[in-house]
Amino acid sequence: MFRTTLLASGMALALLAAGPAVAQDKPPVKIAAIVPQSGAGAFDGQLALEGMQAEAALVNAAGGILGGRKIELVVYDDKGTPEEGVSAARRAMEQDKVDMIVGGWFSAVALSMKEVTRDKIISVMTSSQHPDVTAKGHKFLFRLNATSNMMSSKYGQEICARIKPKSVAFITINDDFGRLEVDNYTKLLGACNVEIKGNEFYNRNDTDFTVALTKLKSLNPDAIYVSAINTSQGATIYRQARQAGFRGTLIASAGNMNPKLIELAGPALEGVYSISLYAPDSDNAKLKAWTEQYGKTFKNQPAFIGTLGAQAVQVLAAAADKAGTANDPDKIAAALRSQTWPTLLGEIKFEENGQALQNLYLIRVEGGKIVSIK
Amino acid sequence: MLELVGIDVRYGHKRALEGVSMRVNQGEIVTLIGSNGAGKTTALKTMSGLIRPAAGEIRFEGERIDRLPPHRIIERGLVQVPEGRLLFPDMTVMEHLDLGAHRARSDQPFSARLDGILSLFPILAERRAQKAGTLSGGQQQMLAIGRALMAAPRFLMLDEPSLGLAPVMVDLLADAIRTMHASGITILVVEQRVDLALSLADRGYVLETGRIVIEDSADRLLSDSRIKSAYLGI
Amino acid sequence: MDWTLLGQQLANGVVNGMNYVLISTGLTLVFGVLRVINFAHGEFYMLGAFLTYFAMSALGIGYLPAVLLATVAVGALGILVNRLFFWPLRKEHEFTVLLSSLGLALLVTHGAELGFGHDPKYLNSPFTDDILEVGTIVLTQQRVLIFAAAVLVLAATYAAIRWTTFGRMMRATAQNPEGAALTGVDIRFVHTITFVLACGLAGLAGALVGPVAMIFPTVGSWAVLKGFIVVILGGLGSVPGALVGGLTLGVVEALAGGYVSLGFMEAIGYAIIILVLLWRPQGLFGSVAR
C-alpha cells in the first residue's frame with residue numbers, strides 16, 4: 001500500500017516536472033512590461049500590469065502565438081520617472097533580450113524612453129497623452145491612447161452639444177499637461193459660447209484644494225472642469241468641491257474616470273461626466289472575455305488603464321502572428337500599420353506616425369457605475 | 001564609603017584611566033589633584049555613571065555601582081556638581097531645585113532641604129524666579145551646588161568648583177564646603193587651586209596621565225616637594 | 001473686496017495651519033530634546049491614518065474610537081522605534097542618526113506599500129461631508145474637529161512641558177543632556193516618552209486629517225515636508241515656534257492661493273522661509289545660543 005502510494009506520487013512528480021519541459025520546447029515571446037510599481041503611480045501601474053497579465057493569460061490559454069509560443073511578460077519598475085524608465089528599457093533590451101516593449105504610462109517617461117528604444121525594438125506606448133510621443137518620427141513606436149488634442153477636440157464637442165453649461169471654471173495641474181488643457185478648452189468651449197470664468201492651478205503633491213475650490217465657487221460657474229490624472233488627487237478634489245458647497249456640474253478630464261475614483265470619491269462623483277476609450281457597458285465580446293478573465297485573477301475592478309495594457313498585448317500578439325516573427329521589428333511594424341485591428345476597446349487603426357485612432361465615448365457616473373451616454 | 005579598584009577607562013584606543021584605585025571614607029574630605037588632562041574629570045564622570053569603565057570595580061557602601069545609570073547612582077546618595085556647572089539656561093532657579101529633588105531619598109522633607117539651601121545661599125532665594133542663564137558665575141555655581149544638595153547627597157563630588165570665581169566668591173565657596181561637611185556629607189573635591197583643596201581636605205590623591213602616583217594626608221602633601229614644584233608653584 | 005471670501009480663506013488657512021502645527025510639534029520636540037532630525041516623522045502620520053482605516057474596517061468600530069486607538073498604537077510604536085533606531089545611535093554623529101531615520105522612513109513606506117497596497121484609500125469619517133455654517137463661512141464638521149482636537153491636545157502638551165516634573169526633565173535634557181543626567185534625569189526614559197509623544201501627535205494628525213483627502217502609503221513624505229517647513233520657520237526645537245510657524249504657513253498659503261494662485265502656494269511657503277531665515281537665521285523662535 002505504502003509502496004504504491006510512493007510510486008504514484010513519484011510518477012505524479014515526474015509528470016509535473018515534464019509539463020513545463022514540454023511547453024518550453026518553443027521559447028516564449030518575451031514582452032517587457034515597464035510599469036510604475038512604486039511611487040505615486042504605483043497603483044495605476046498595478047492596474048496596467050494586471051490588464052496585461054489577464055490578456056496574456058487569454059492568449060496563452062488559446063494556444064499562444066506563432067504556432068504555440070507562449071507570451072511571457074518581463075516586468076520592470078519605472079517608478080514613474082524618466083530615468084528609471086530609460087534604465088528599465090536598457091535592461092530589457094540588453095540583458096533580458098526581450099522581443100517587444102510595452103510602457104510609457106506617463107508622458108514624461110514615454111518621451112525619454114522612446115529615445116533609447118528608437119529604431120531598435122517595437123515599443124508600444126500606452127496611456128501617455130503628450131502629442132510629442134508620436135510627433136517626432138520613430139519607425140517602431142506606436143501609441144495607443146488618444147493624444148490630449150484628439151481627446152479635447154472630441155470632448156469639447158460633447159460638452160458643447162450634450163452637457164451644455166453656460167459657464168465653466170477649470171482646476172488643473174500646474175504642468176505642461178494642465179496648461180495645454182486650459183488652452184485647448186478655453187478655445188473649444190469659447191467657440192460655442194460657454195463663458196470661461198477662471199482657472200486654478202494646483203501642484204503635483206497638493207492634498208488640500210479647498211482654497212482653490214473656495215475661490216472657484218465664489219466665481220459662481222455652471223460647471224467646474226477638473227483635470228486630474230492622479231486618482232487620489234482627483235477623488236479629493238471632487239469631495240472637497242462638494243464640501244466647499246459647490247452644487248453645479250462637475251466635468252472630469254478625458255480618460256480619467258475609473259472604478260477606484262468612484263470608490264474613493266463616493267457620492268461626490270455622482271453625475272460627473274468624462275470621456276473615455278473604455279465603456280464598461282459595451283457589448284464587445286473581446287472586452288467581455290477579458291473582463292471575465294480579469295475578475296477571475298484580480299480583486300481590483302477593471303480600469304481603463306488595464307484595458308490599454310490588454311490592448312497592447314492584443315495588438316502585439318496579433319501583429320507578430322501576421323508578421324510571422326516576434327523579433328523582426330521591421331516586419332511587425334509593417335504588420336501593425338497594415339490593417340484595422342479588432343480589440344477589446346473596439347476597432348483601432350495606426351496612423352503612419354504610430355498614433356492609434358480609437359473610439360471615444362462620453363461617459364457619466366450613475367448610481368456608482370460608469371455608463372456610456374448613447 | 002566609596003572605593004575604586006583598578007579602574008581602566010578608554011576613549012577609543014586612548015587610555016584615560018589606568019588601574020586607578022582609591023577610597024574615600026565616611027566623613028572625610030578627599031581631594032584629587034592633577035594637571036589638565038590627567039583624568040580627574042573622567043574619574044568623576046565614571047563614578048557618576050556617565051562613563052562605563054573598561055575594567056575594575058566601583059563600590060559605594062559596599063555595593064557595586066559601576067554598571068548603574070546615573071540616576072540610580074544619584075538615588076543612592078552619590079551626587080556630583082560638575083565642572084562648568086551644566087545648568088539649564090532657560091529654566092528658573094526654582095525649577096533647577098525642584099528637578100534636583102526628584103531623585104532624593106531622604107527623611108528630610110523637600111521644604112526643609114530647600115530652606116537649608118536657601119539659608120546657605122541666600123542669593124538664590126532672591127533669584128528664585130530668574131532663569132539660570134541670567135545669573136552671574138558665582139550665583140550659577142551656588143545654584144549648581146544647591147541643585148545637587150536637593151538630591152539629599154551623602155557623598156558629594158565637586159569638580160573644579162572655584163573655576164572662574166572672584167576671590168570673595170572662592171572664600172564663600174570654601175565656607176559652604178565646610179558647612180556641608182559639618183552637616184555630615186562626605187566630600188570628594190577636584191580643584192585646580194591645590195592650596196585651597198589641601199587646606200580643606202583630610203587626604204589627597206595625585207593623578208598623572210591616568211594613574212594615581214601619590215596618595216597621602218593633606219598635611220604631608222602640602223609639604224611634599226614634588227607637589228610644591230608641580231602644583232603649588234613654590 | 002469680498003469680505004466673505006476673505007473670511008472663508010482665512011478660516012481655511014487657520015484650519016490647515018492647525019494641522020501643520022499638529023504634524024510639526026512632534027518633529028520639533030524630537031529635535032529639541034533629542035537633537036534628532038527625524039525624517040521618518042511623516043510615516044507616523046501615514047500610519048495614524050491607515051491604522052484608523054483598518055481599525056474601522058477590521059474591528060468594525062466607529063471613527064472616533066478608531067482615532068483614539070490609532071493614536072495610542074502609533075504612540076506605542078514610538079517606544080519600539082526609539083529602542084531599535086535611535087537610542088542605540090545616541091552617541092553617534094548626527095549624520096548617522098539622520099541616515100538611520102531616512103532608512104526607517106523608506107522601510108515603513110515600502111512596508112506599507114506591501115502591507116496596505118499601493119492603492120489610495122478613503123478614510124470614512126461621519127463628519128467629512130457635513131457642512132457647518134458659521135455666519136457666511138462654510139466649514140465641514142471634520143475641519144472643525146481637526147481644529148478643536150489640535151487646540152486641546154497642543155494646549156495639554158504645552159502645559160505638560162511647562163508645568164510637570166516630566167516637562168522639566170524634557171527641558172533639562174534639551175538644554176543640557178549631561179547636566180540633566182547628573183541631576184538624576186533618566187535620559188533613556190525621556191527619550192522614550194518624547195518619541196511616544198511625537199509619534200502619537202503625528203498619528204493623531206494622520207487620523208484626523210486622513211478623511212479630508214485620500215490616504216496612500218507615500219502620504220508621509222508630504223507630511224514631513226510640511227513639518228520641516230514649519231519647524232524651520234518657527235525655529236528648530238521650539239514648541240511655540242511650531243504653533244506660530246504652522247499657523248503662519250497655513251494662513252499665508254490660503255491667502256496666496258486664494259488671491260494669487262494655488263500654483264504658487266508651495267513656492268510661497270519656501271519664499272517665506274527664505275525671508276524669515278535671512279532676517280532671523282535661527283527661525284522665529286529659535287534661540288541663537290545652543
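Quick note on labels: first sequence line is chain A, next is B, and so on, each numbered from 1. No hydrogens, no waters, no symmetry mates; every other heavy atom, side chains included, goes into these values. Remember, it's a predicted structure, so these values are computed and weren't measured experimentally.
Using a distance-only test at 3.5 Å, with no hydrogens or angles considered, no donor-acceptor pair links the side chain of C:Q8 to the main chain of A:T214. Using modelled atom types, one side-chain atom of C:H118 and one backbone atom of A:Q37 make a donor-acceptor pair closer than 3.5 Å. Side-chain atoms of A:Q243 do not come within 3.5 Å of backbone N or O of C:I131 as any donor-acceptor pair.
Heavy atoms closer than 4.5 Å to chain C are found in the side chain of A:E200, but not in its backbone. Interface remark: A:Q233 contributes no atoms to any contact with chain C (heavy atom separation under 4.5 Å). Of the atoms belonging to A:S218, it is side-chain heavy atoms, and not backbone ones, that fall under 4.5 Å from chain C.
When each of C:L5, C:V219, C:T218, C:V138 is scored by its heavy-atom pairs under 4.5 Å with chain A, the top score falls to C:L5. Interface remark: of the candidates C:A254, C:S221, C:G117, C:A254 forms the most heavy-atom pairs closer than 4.5 Å to chain A.
The existence of a salt bridge linking C:R143 and A:D208 is confirmed by a sub-4.0 Å separation between a basic side-chain nitrogen and an acidic carboxylate oxygen. Of the charged side-chain nitrogens involved, at least one lies within less than 4.0 Å of a carboxylate oxygen, so that C:D119 and A:K260 count as a salt-bridged pair.
Using non-hydrogen atoms only and a strict 4.5 Å limit, the part of residues 11-21 of chain C facing chain A consists of C:N12, C:N16.
In this structure, CZ in A:R239 is found 5.5 Å from CG in C:D129, a value given to the nearest 0.5 Å. For the atom pair A:L264 CG and C:F216 CZ, the distance stands at 10.5 Å (nearest 0.5 Å). The distance from atom CZ of A:F43 to atom CD of C:E113, rounded to the nearest 0.5 Å, is 12.5 Å.
Considering all non-hydrogen atoms of both residues, A:A235 and C:M214 come closest at CB-CE, 3.5 Å.
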